[in-house]
Structures are given as C-alpha cells and as structure tokens.
Amino acid sequence: MTIPSTVTLIDVGPRDGLQNEKQPVSAAVKIGLVHRLQAAGLRNIEVTSFVSPKWVPQMADNAEVMAGLQRQSGVRYSVLTPNMQGLEAALPSRPDEIVVFGAASEAFSQKNINCSIAQSMERFAPVVAAARAAGIAVRGAISCAVGCPYEGEVAPAQVAYLAGLMHAIGVQHVGVADTIGVGTPRKVQAALEAALQHFDLSAVSGHFHDTYGQALANTLAALELGIYQFDTSVAGLGGCPFAKGATGNVATEDVVYMLHGMGIDTGINLDALIEAGQFISDHLQRPSGSRAARALLARRH
Ligand code: HMG
Ligand code: MG
C-alpha cells in the first residue's frame, strides 16, 4: 500500500474540542472558530452536537451556532445526533452530515449514551434512515476502538462487530476512535483493519485522541494502511466528559505540519490554521495544545 498523496481532515474542534470545556464558550466564539477554520481551508467541520443539555451543557447552543454560520460552498458541516430527538432538533439547522456515535465497549456505551450497544443500534437505525431519506450523509463513530476507560483493552473483533452493525443499519462511513488515546500503531492498525472488514477504504477515518502522545504515530500507521481521512482538533482541544482524563484529539496543526512535510496535500493553509488555533486558545486563556503551532509562533516573535 502506498501512502496517500492527498488527505482530508475533519476539524472536530468546535464539537469534540469544546464539549469538554467547563466554562461556557459563547456561540459567537464558536461561530468565529468555525469561520476561521473554513478560511484556513478546512472543508469538513464538526460544528456541534444535538445531545441532552443536561449531559453536555456546552453544546446547548447547537441551533444558535448552526444558525450563525456564514456557510461556504464546498464545506461539509456535521453535527452529532444520538437519537431521533437529536435528529429532529438538528434538521432545521440543515447539517450536511450527521454522526451517530456508538462504542466498541459495553461499559462506555452505557456511560456515554446511557444504553447498551444493541439498544444504541435500535436508536440509531431510524436516525440513519431519516437522515439518508433527507439527503444527509451519515457517519458513525466507533468509540473505544482500542481501549476503554472502564473495560481496558478492546479486541479488534469488537470493532468489527460494531462496524458490521453500523453497516447493516445504513451508516455510510465509520470513524475508528481511540477515545482515550491509549492506542499504539499496530493496535490502531488492527482496529482500522477490523472496520475495513465492513467498509471500503474511502469510508473509514481515524479519530485519535493524543492522551499518551501516540496520535501522530497512529496517524502515520493509518496512512500506511491507505487511510486518508482523519478527525483532528485545532489547537488539540478536547476530550470526552465521559472518559475521565482523556485529552484532546491530535492537533490539526501538528497533523498538517507532518503531512505537508511528507509532501501530502491537505488543502489547508497552516498559517491561517495557526491563527484559528490562536483565536480559540486566547479565548480559553490557555496555550495551544499544538506543538507545531507553539514552535511556529515562537519563531515569529
Ligand atoms: P437518555 O437519558 O437515555 O435519554 O439520554 P432519554 O430519551 O431517556 O431522555 C432523557 C432526557 O434527555 C429527556 O429530558 C429528553 O428530553 C432529553 P427530560 O425529560 O429529563 O428533561 N434528551 C435530549 N435532549 C436534547 N437532545 C437530545 C435528547 N435526547 C434525550 N438528543 C442521550 C440519551 C444520548 C441523549 C444522553 O445520554 C446524552 O445526551 N449523552 C451525551 C453524549 C455525548 O454527547 N457524549 C460526548 C460526545 S461522543 C464523543 O465525544 C466521542 C467521539 O468524539 C468519538 C471518540 O472520541 O470516541 C464522537
Ligand atoms: Mg472524540
């Protein structure tokens, strides 16, 4: 397998990145972040989630954020919808893509979405059908594809099982997620290969949290399998409120720096992306989680 020459990044910072922030971030700042990301060349942006505001208060302004976007043609705006209530709330916002999110571990399914894996499929099936009938693309997230904060190591067979269930209900693309960042390259490859039993290469992406500093290595390992789509988070923002201690996704800036250094095209302007990361880091009053952004900014001063 040759390494892909073009890679598509989905910036999940506005959603995965900000969902974990304790202090409320205003809708205006979230909208400003999305605008900066699209100006930097991102063509896929995960904007928000239509989940219970009691569970994730930071995403309660979902409709307001979606309504405030100045949409750019060619950009795909996605939102998370865990059930029909979420989809119905999301539809007036006209997302281009919705994401149903399941887990390869039973315990995480319970903690994150309050139901078993089997029950989650019953909830997702009508969501997927209604979204597809409305012409909206459907992605599925497979959380804990390598390890679970409650159950420990997760076998690739569990990932294959979930991918098979998602395929059967009409999910078009799956993101293999290392929710807590415990994966190392060969284990991540095994999880991706498990998803590839049910989905084409064009329909599998990687979603690697960087808790243990493995995410760039895992990205490279995924590229070796030919995977060319990745979720990343500007400034390395993020985490999951239901996975204690898990840090953000791999920083978009770091992945772009690596890919461009390898001669791989992303369509992203790294300088403009660094500005987007600086905008949100300034707002959160925290240094960027991107090593590349910090290094490049230090050279400017
Ligand atoms: P539930 O309690 O089982 O749902 O929650 P329910 O149907 O029994 O309803 C209970 C209450 O929630 C009711 O309100 C509903 O109206 C409300 P009440 O009568 O008590 O006032 N409700 C909703 N409100 C707004 N939008 C909705 C909705 N559904 C029910 N869609 C539910 C089930 C999934 C909703 C809940 O567990 C939840 O919201 N969980 C949050 C999950 C979440 O957002 N997790 C973080 C995102 S996933 C992630 O980060 C992982 C990922 O990045 C990949 C990776 O890294 O692994 C994607
Ligand atoms: Mg995540």
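Atoms within each ligand, like the ligands themselves, are counted from 1 in listed order. Just so it is clear, the structure is predicted and the values come from calculations on it, not from any experiment.
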Kindly confirm whether the Mg ion (ligand 2) is within less than 2.8 Å of some N/O/S atom in Asp16?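 True for Asp16.
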Quick one: does ligand 1 sit under 4.0 Å from the side chain of [X], the backbone, both or neither, non-hydrogen atoms only?
{"X": "Phe242", "answer": "side chain"}
{"X": "Glu46", "answer": "neither"}
{"X": "Arg15", "answer": "side chain"}
{"X": "Val51", "answer": "both"}
{"X": "Asn112", "answer": "both"}
{"X": "Asp16", "answer": "side chain"}

Using a strict threshold of under 4.0 Å (side-chain N to carboxylate O), is an ion pair present between [Y] and [X]?
{"X": "Glu46", "Y": "Arg76", "value": "no"}
{"X": "Arg300", "Y": "Asp271", "value": "yes"}
{"X": "Glu64", "Y": "Lys30", "value": "no"}

Could you tell me, atom by atom, which parts of ligand 1 come under 4.0 Å of a heavy atom of [X]?
{"X": "Ser143", "answer": "51 (C), 54 (C), 55 (C), 57 (O)"}
{"X": "Arg123", "answer": "3 (O), 33 (C)"}
{"X": "Asn83", "answer": "27 (C), 28 (C), 29 (N), 30 (C), 31 (N), 35 (C)"}
{"X": "Phe50", "answer": "26 (N), 27 (C), 31 (N)"}
{"X": "Gly86", "answer": "31 (N)"}
{"X": "His209", "answer": "56 (O)"}
{"X": "Val56", "answer": "41 (C), 43 (C), 44 (O)"}

Counting only heavy atoms not in [X], do more than 12 sit closer than 6.0 Å to its [atom1] atom?
{"X": "Arg71", "atom1": "CZ", "answer": "yes"}
{"X": "Tyr161", "atom1": "OH", "answer": "no"}
{"X": "Gln119", "atom1": "CD", "answer": "yes"}

Side-chain donor or acceptor of Arg15 paired with backbone N/O of Leu80 under 3.5 Å: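 Not at all, since once roles are kept as given, no pair shorter than 3.5 Å links the two residues.
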Could you tell me whether the side chain of Asp200 and the main chain of Ala203 form a donor-acceptor pair under 3.5 Å?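 Between the backbone of Ala203 and the side chain of Asp200 there is no qualifying donor-acceptor contact (under 3.5 Å).
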Return the residue, atom name and 0.1 Å-rounded distance of the protein heavy atom closest to atom 2 (O) of ligand 1.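 Looking at atom 2 (O) of ligand 1, the protein heavy atom closest to it is Asn114 ND2, 3.3 Å.
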Pair [X]-[Y], side-chain donor/acceptor within less than 3.5 Å:
{"X": "Gln72", "Y": "Tyr77", "answer": "no"}
{"X": "Gln278", "Y": "Asp282", "answer": "yes"}
{"X": "His209", "Y": "Thr247", "answer": "no"}

Tell me which one of Phe101, Phe108, Trp55 gets a heavy atom nearest to atom 38 (C) of ligand 1.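 The residue whose heavy atom sits nearest atom 38 (C) of ligand 1 is Trp55.
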Of the listed options (Ser52, Ala90, Ala103, Ser233), which comes nearest to atom 39 (O) of ligand 1 when hydrogens are ignored and any heavy atom counts?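 The residue whose heavy atom sits nearest atom 39 (O) of ligand 1 is Ser52.
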Partner of Leu42 under side-chain contact (heavy atoms from CB on, under 4.5 Å), chosen from Leu273, Thr266, Val234: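 The side-chain contact (heavy atoms from CB on, under 4.5 Å) with Leu42 is passed solely by Leu273 among Leu273, Thr266, Val234.
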Pick out which of Thr232, Asp16, Thr179 makes a side-chain contact (heavy atoms from CB on, under 4.5 Å) with His207.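 Going through the options one by one, the only one that passes is Asp16.
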When you measure from the Mg ion (ligand 2) to each N, O or S atom of His209, which atom gives the shortest distance?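 Within His209, restricted to N, O or S, the Mg ion (ligand 2) is closest to atom NE2.
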Close approach of Lys54 to ligand 1, heavy atoms, under 4.0 angstrom: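 Flag set, Lys54 near ligand 1.
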Yes or no: does Pro53 have any heavy atom under 4.0 Å from an atom of ligand 1?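 Yes, Pro53 has heavy atoms under 4.0 Å from ligand 1.
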Exercise check, heavy-atom protein proximity under 4.0 Å to [atom]:
{"atom": "atom 4 (O) of ligand 1", "result": "no"}
{"atom": "atom 18 (P) of ligand 1", "result": "yes"}
{"atom": "atom 29 (N) of ligand 1", "result": "yes"}

Report the C-alpha separation of Leu9 and Arg43 in whole Å, then their side-chain angles, then the decisive distance to 0.1 Å, and conclude whether the side chain to side chain contact (heavy atoms under 4.5 Å, CB included) test is met. CA-CA 8 Å; Leu9 298 183; Arg43 290 294 165 264; over 6 Å; no
Would you please indicate if the ring centroids of Phe199 and His167 are separated by under 6.0 Å?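 Yes; His167 has its ring centre under 6.0 Å from that of Phe199.
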Would you say [X] has any N or O atom under 3.5 Å from an N or O of ligand 1, going by distance alone?
{"X": "Pro82", "result": "no"}
{"X": "Ala177", "result": "no"}
{"X": "His207", "result": "yes"}
{"X": "Gln19", "result": "yes"}

With side chain to side chain contact (heavy atoms under 4.5 Å, CB included) as the test, would you mind laying out the steps for Val174 and Arg139 before giving the verdict? CA-CA 6 Å; Val174 284; Arg139 189 150 48 90; over 6 Å; no
